[in-house]
Protein chains: 2
Amino acid sequence: MNAENGSSRGAWSLQVNALGGFIRAQRQLARLSLRDMAAMTSVSNAYLSQVERGLHQPSLKVLHSIADALQLSTEQLLSQAGWGPAPTEPVVHADPGPVEAGVEDAIARDPRLSAEQRVALVSVYRSFVGD
Amino acid sequence: MNAENGSSRGAWSLQVNALGGFIRAQRQLARLSLRDMAAMTSVSNAYLSQVERGLHQPSLKVLHSIADALQLSTEQLLSQAGWGPAPTEPVVHADPGPVEAGVEDAIARDPRLSAEQRVALVSVYRSFVGD
DNA sequence: ACGCTCTGCTTGACATACTTAACGAGGGCG
DNA sequence: CGCCCTCGTTAAGTATGTCAAGCAGAGCGT
């Protein structure tokens, strides 16, 4: 029995849920229900739900299906999937002058967002602007 | 038993073994034994053997470890793993206008977003902050 | 009130990834 | 010859991904 839920919320760590949050955000803004997406991906709605909440790490097959259904590139999903240091040189915010980025900064500054939500939101934003 | 395959070759999923063969070739090229690689990847030699022969489809974790040990880019491995080219959307680039404010304002002002994307982003944001 | 249909979520069983402990083939050396 | 070592592979077990079915709640009509 899995008594969990609800109380403890400590050991979350990682962007384990960043992937799930990203997927969920993308699904919602595509106006899809879990069952809709389940139909498109041939993955059960139950499992999709668990993936979105970070309870399971989806396999390549599933990840690919999801990316396909959401019309995302697989690399976008993979970079969300705890796919840490890609060989590409990360761009650090050097902040050499006046801030211009706008949306991302506003997200980073909003105290109402959790860390997890921030990551998901920024991911969605970046997927839009192609950064 | 098992001998070398060579007789029937019909129902084998083509790509599956391409990945394994690729990994095995790379491993041998690096003069590593299965046990050596197992030590580097923290994956059992037995399982590595099975992956190389196409009996199992490795997870992201394992794939990453392997790529790391072989000093390959993950994309190289992934493209071997039967990943069709995902339809990547074309992305337009424009110059952002500076300003800083709340998240919704920043979204509204970002010229890189389409009207539709703006609405979607804001709705996701609102679902996060419980508006 | 009811019933219908949608949503997301839980449960319990099954399939597949993965590990540990073997096994047999080959090689070097006494 | 035996002995030891290393190689790849296999067998049997455990962990985890995945599914089908069913449940609770919200909206919406008769």
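We name chains A, B, ... by the order of the sequence lines, and we start the count at 1 in each one.
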- Any idea which of D:dG17, D:dT9, D:dG22 is nearest the B:R24 side chain? D:dT9
- Message: Restricting to non-hydrogen atoms, name the atom on B:Y47 and the atom on B:Q57 that form the minimum distance, rounded to 0.1 Å.
- Response: OH-O, 3.8 Å
- From the list D:dT18, D:dG17, D:dT9, which nucleotide is the closest neighbour of the side chain of A:P58? D:dT18
- Message: Starting the side chain at C-beta, find the nucleotide from D:dT9, D:dT18, D:dC19 nearest to B:N45.
- Response: D:dT9
- Is A:T41 touching bases, backbone alone, or none of the nucleic acid, heavy atoms closer than 4.0 Å? nothing
- Task: May I ask you to test the A:L63-A:L19 pair for a side-chain heavy-atom distance under 4.5 Å?
- Result: yes
- Note on the structure: Checking C:dC18, D:dC19, C:dC9 against the side chain of A:R35 (C-beta onward), the nearest is C:dC9
- Considering only heavy side-chain atoms of B:S49, the closest of D:dT18, D:dT9, D:dA11 is D:dT9
- Message: What is the distance, to the nearest angstrom, from the CG atom on B:L34 to the C1' atom on C:dA25?
- Response: 15 Å
- Task: May I ask you to say what A:S44 touches in the nucleic acid, namely base, sugar-phosphate or nothing, with a heavy-atom cut-off under 4.0 Å?
- Result: base
- Contact under 4.0 Å: A:S33 side-chain N or O vs C:dC6 OP1/OP2: no
- Message: What is the distance, to the nearest angstrom, from the CD atom on A:E52 to the P atom on D:dG17?
- Response: 16 Å
- Task: Take the protein atom CD1 of A:I66 and the nucleotide atom P of D:dG17, then report the distance between them rounded to whole Å.
- Result: 13 Å
- Using whole Å, report how far CG of A:L55 lies from P of D:dG17. 10 Å
- Message: If you define the side chain from C-beta out and look only at heavy atoms, does anything of B:R27 sit under 4.5 Å from B:L34?
- Response: yes
- Query: If you check the A:Y47 side chain, which of D:dC19, C:dT20, C:dA22 turns out closest?
  - Reply: D:dC19
- Query: B:Q57 has an atom CD; how far is it from atom P of C:dC18, in whole Å?
  - Reply: 10 Å
- Query: Nearest-Å distance, CD (B:Q50) to P (D:dA11)?
  - Reply: 10 Å
- Query: For the pair made of CG in A:L63 and P in D:dG17, what is the distance, rounded to whole Å?
  - Reply: 12 Å
- For residues B:D68 and B:M40, determine if any side-chain heavy atom of one lies less than 4.5 Å from a side-chain heavy atom of the other. no
- Query: Quick one: is A:S59 getting a side-chain N or O under 4.0 Å of the C:dA17 phosphate, OP1 or OP2?
  - Reply: no
- Item | Contact check, side chains of B:L77 and B:Q26, non-hydrogen atoms, under 4.5 Å | no
- Query: Do the side chains of B:L48 and B:R35 get nearer than 4.5 Å, heavy atoms only?
  - Reply: no
- Write down the distance between NZ (A:K61) and P (C:dT16), rounded to a whole number of angstrom. 7 Å
- Query: For C:dG8, does OP1 or OP2 lie under 4.0 Å from any side-chain N or O of A:R27?
  - Reply: yes
- Task: Report yes if at least one side-chain N or O of A:R53 is closer than 4.0 Å to OP1 or OP2 of C:dG8; otherwise report no.
- Result: no
- Presence of B:H56 side-chain N/O under 4.0 Å of C:dT16 phosphate oxygens OP1/OP2: no
